[in-house]
Amino acid sequence: MYDDDDLTVLNLDDDLESPLDHMEAIDAESEEPKPDPEEMLLLLESPDPNQRMLAARAFCELQDERAVPHLIRLLEDPCPLVRVSAAYGLGRNPSPDAVESLIKQYDEDFNGYVRKGVIWALGNCRDRRSQPTLIDALKTDISAVRLWAASALAQMSAVGYEAVIASIPPLIEAMRRDPVAAVRSNCAWSIGQLCRELPSNVVYATAVDALLETLVEDEDLGVREDARSSLLKLGDPRGLQMIEELEREGLL
């Protein structure tokens with residue numbers, strides 16, 4: 001289990017955003033053309049860590065499968081800024097070939113920034129092999145990584161029924177017990193996303209019960225709002241009825 005102190009310089013409010021949001025905002029304000037992929041591919045092999053970092057970050061903008069093996073190799077770079085840039089680059093260029101290396105790096109990396117980027121990338125890979133790592137991160141890692149593990153598990157909706165079924169129980173547990181409201185909010189959102197892929201079975205009913213419990217009992221308004229939003233999107237009759245009753249009583 002990791003200690004939250006290993007990422008104390010991160011602001012949890014910032015972690016609510018995509019790891020690339022600030023980069024995209026800068027790009028939107030700039031009229032400069034995108035980096036030249038040929039040049040960036042060469043710089044991925046540069047002996048200068050700053051050049052390697054800039055090249056890896058360029059593939060957060062560029063989609064080019066030729067970069068994937070280079071980015072996989074850079075996951076083990078001595079410089080953590082290169083490693084985290086490589087992880088984000090792989091998140092924008094997801095590949096089945098990267099999954100095992102991302103999992104290995106998550107297990108071995110003591111830098112919270114890197115683990116956060118790796119978890120984001122693993123979610124974007126939408127691969128069943130990543131599920132145990134995402135669940136472990138949700139249960140044991142620091143808050144900033146748990147936040148993204150909760151969101152990443154929603155991507156299991158694209159993997160298949162069994163993956164959805166396996167993702168819901170740890171999300172329910174974290175939605176009930178995680179001490180950080182933002183993590184609980186992301187769990188409520190992900191549960192709603194996953195339930196849209198389920199028939200009306202026991203797992204679905206259990207998830208709806210948990211969302212209703214969160215809607216009524218969570219101490220944080222934002223978490224309750226995310227639970228409410230998930231229930232509304234599901235259109236579940238019990239959820240809609242509970243929301244209507246709470247609104248009528250002035251509790252929402």
Lys/Arg N to Asp/Glu carboxylate O, [X] vs [Y], below 4.0 Å:
{"X": "Glu108", "Y": "Arg115", "value": "no"}
{"X": "Arg184", "Y": "Asp220", "value": "no"}
{"X": "Asp209", "Y": "Arg238", "value": "yes"}

Considering all heavy atoms, the nearest [X]-[Y] contact:
{"X": "Asp218", "Y": "Arg224", "value": "O-NH1, 2.8 Å"}
{"X": "Ala181", "Y": "Val223", "value": "O-CG2, 3.3 Å"}
{"X": "Ala55", "Y": "Leu43", "value": "CB-CB, 3.7 Å"}
{"X": "Ala154", "Y": "Gln193", "value": "CB-CB, 4.1 Å"}
{"X": "Pro49", "Y": "Cys79", "value": "CB-CB, 4.4 Å"}
{"X": "Tyr106", "Y": "Val118", "value": "CB-CG1, 3.8 Å"}

Check whether any side-chain N or O of [X] sits under 3.5 Å from a backbone N or O of [Y] as a donor-acceptor pair, and report yes or no.
{"X": "Arg146", "Y": "Asp141", "value": "yes"}
{"X": "Asn93", "Y": "Gly89", "value": "yes"}
{"X": "Ser230", "Y": "Ala188", "value": "yes"}
{"X": "Ser167", "Y": "Ala163", "value": "yes"}

Check for me, please, whether Phe59 and Leu42 land in the same ILVMFWY cluster - side-chain distances under 4.5 Å, paths through other members count.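 Phe59 does not cluster with Leu42.
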Would you mind reporting whether [Y] and [X] have side-chain heavy atoms less than 4.5 Å apart?
{"X": "Tyr161", "Y": "Leu198", "answer": "yes"}
{"X": "Val159", "Y": "Val164", "answer": "no"}
{"X": "Arg176", "Y": "Glu217", "answer": "no"}
{"X": "Asp236", "Y": "Tyr204", "answer": "yes"}
{"X": "Arg196", "Y": "Ser157", "answer": "no"}
{"X": "Leu102", "Y": "Cys125", "answer": "yes"}
{"X": "Arg57", "Y": "Met40", "answer": "no"}
{"X": "Pro35", "Y": "Leu62", "answer": "yes"}

Spacing of [atom1] belonging to [X] relative to [atom2] belonging to [Y], to within rounding of 0.5 Å:
{"X": "Asp226", "Y": "Trp189", "atom1": "CG", "atom2": "CH2", "value": "10.0 Å"}
{"X": "Ile243", "Y": "Leu231", "atom1": "CD1", "atom2": "CG", "value": "5.0 Å"}
{"X": "Leu134", "Y": "Lys139", "atom1": "CG", "atom2": "NZ", "value": "12.5 Å"}
{"X": "Ser85", "Y": "Leu90", "atom1": "OG", "atom2": "CG", "value": "11.0 Å"}
{"X": "Ser101", "Y": "Leu122", "atom1": "OG", "atom2": "CG", "value": "10.5 Å"}
{"X": "Thr206", "Y": "Ile168", "atom1": "OG1", "atom2": "CD1", "value": "9.0 Å"}

So Ile191 and Cys195, side chain to side chain contact (heavy atoms under 4.5 Å, CB included) or not? Walk me through it. CA-CA 6 Å; Ile191 290 169; Cys195 281; 4.0 Å; yes
Evaluate side chain to side chain contact (heavy atoms under 4.5 Å, CB included) for Leu138 paired with Leu171, printing each intermediate quantity in order. CA-CA 8 Å; Leu138 178 62; Leu171 284 167; 3.9 Å; yes
Mind jotting down which residue pairs meet the salt bridge (charged side-chain N to carboxylate O under 4.0 Å, His left out) criterion with at least one end in residues 77-87? Sequence neighbours excluded, please. Arg52-Asp77, Arg83-Asp109
Once salt bridge (charged side-chain N to carboxylate O under 4.0 Å, His left out) is applied, what residue pairs with a partner in residues 148-165 remain, sequence neighbours excluded?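 Listed by first then second residue: nothing to list.
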Say whether Arg128 and Gln131, considering side chains only, have a donor N or O and an acceptor N or O under 3.5 Å apart. yes
Not counting sequence neighbours, which residues clear salt bridge (Lys or Arg N to Asp or Glu O under 4.0 Å) with Arg177? List them please.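 Only Glu173 meet the salt bridge (Lys or Arg N to Asp or Glu O under 4.0 Å) criterion with Arg177.
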Partner of Val68 under side chain to side chain contact (heavy atoms under 4.5 Å, CB included), chosen from Leu71, Asp64, Ile72: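 Of all the options given, the one that passes is Ile72.
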